Amino acid sequence: MLLEVRGLDVRYGRTHAVKSIDLDLAEGEIVTVLGANGAGKTSLLRALQGAIKSGSGSVRFAGEVLTHASPAERVRRGMMLVPEGRQIFVSMTVEENLLMGAYLRRGADWHQDLSQIYDRFPNLAERRHMKASILSGGEQQMLAIGRALVSRPRLIMLDEPSLGLSPLFVNNLFELIKELNRSGISILLVEQNTAMALDVAERGYVLELGRVVLSDRADALSRDPALAEAYLGGHASSQHPIDQIA
Ligand SMILES: Nc1ncnc2c1ncn2[C@@H]1O[C@H](COP(=O)(O)OP(=O)(O)O)[C@@H](O)[C@H]1O
Ligand SMILES: [Mg+2]
């Protein structure tokens with residue numbers, strides 16, 4: 001296994017956000033984590049990145065125990081989170097944002113990585129010296145993913161990347177996820193767009209109130225009527241509501 005999570009717990013004071021979660025991800029896999037708002041998805045990913053401390057449990061990545069490793073150490077080992085809401089620096093240029101992804105790679109040849117990212121995202125190349133604030137939501141998501149790629153991750157963890165994007169951009173995003181995966185990057189994908197997430201993923205986990213309540217192959221989950229009704233508020237097969245307005 002590339003990633004092995006056992007008994008992971010996250011608490012915020014009296015809120016028990018993640019309850020003894022076990023999760024596996026094999027090298028080369030796309031695994032999705034689904035669940036309604038407040039289910040604990042973001043807390044799980046932030047704990048995996050080391051951004052918040054887990055109360056108990058263990059995280060192994062590529063054979064190393066990283067349970068107590070700093071976020072920077074996890075990035076160096078190849079784990080990279082693309083956070084919810086993208087968290088790009090809007091007052092910095094596109095290129096400065098991308099270089100933030102390189103700061104942990106001492107002496108690495110990030111010039112070459114930048115040019116690969118610009119080849120992949122021509123919209124970012126054209127706007128490289130402009131402030132990130134001028135980018136559309138879809139372009140900002142590409143920038144957030146581009147920034148993650150500069151760190152040369154083995155595993156990218158995406159927290160609701162499709163949120164707030166128009167349907168066209170959602171399609172582009174899912175194509176990009178497949179492409180990154182074909183290029184050898186493993187993917188842990190948190191989504192509320194259940195149908196599309198199960199379509200790209202090999203396996204999925206469903207969280208409810210911090211617990212894994214279902215885990216199975218993605219095709220089996222997408223046929224499971226319990227999924228939509230019981231755990232996802234009946235939205236399993238629809239786009240995220242915001243897509244219908246955008
Ligand atoms: N910083 C925080 N402080 C206190 N409670 C939090 C914090 N972040 C999340 N929570 C709570 O933890 C639970 C899980 O939240 P979260 O991980 O954001 O879920 P999801 O990403 O699935 O919507 C919710 O009850 C939420 O209110
Ligand atoms: Mg969240």
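FYI, side chains are in, hydrogens and waters are out, and symmetry mates aren't considered; it's all heavy atoms of this structure. Both ligands and their constituent atoms are indexed starting at 1 by order of listing. Predicted model, so just to flag it, every value in this text is computed and none were measured. Starting from 1, each residue takes its place in the sequence as its number.
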Within 6.0 angstrom of K131 NZ, more than 12 heavy atoms from elsewhere = no

Indicate yes or no: does R154 engage E27 in a salt bridge with an N to O separation below 4.0 Å.
-> yes

May I ask you to check whether T42 brings an N, O or S atom to under 2.8 Å from the Mg ion (ligand 2)?
-> yes

Taking C-beta and beyond as the side chain, do F89 and E96 meet within less than 4.5 Å on heavy atoms?
-> no

Decide yes or no for D224 and D216: does some side-chain heavy atom of the first lie under 4.5 Å from some side-chain heavy atom of the second?
-> no

For ligand 1, the residues whose heavy atoms come within less than 4.0 Å (ordered by chain, then number) | Y12, T15, A17, A36, N37, G38, A39, G40, K41, T42, S43

N/O donor-acceptor pair under 3.5 Å between R203 side chain and D24 backbone | yes

Only one of V190, T194, N193 clears side chain to side chain contact (heavy atoms under 4.5 Å, CB included) with L34; which?
-> T194

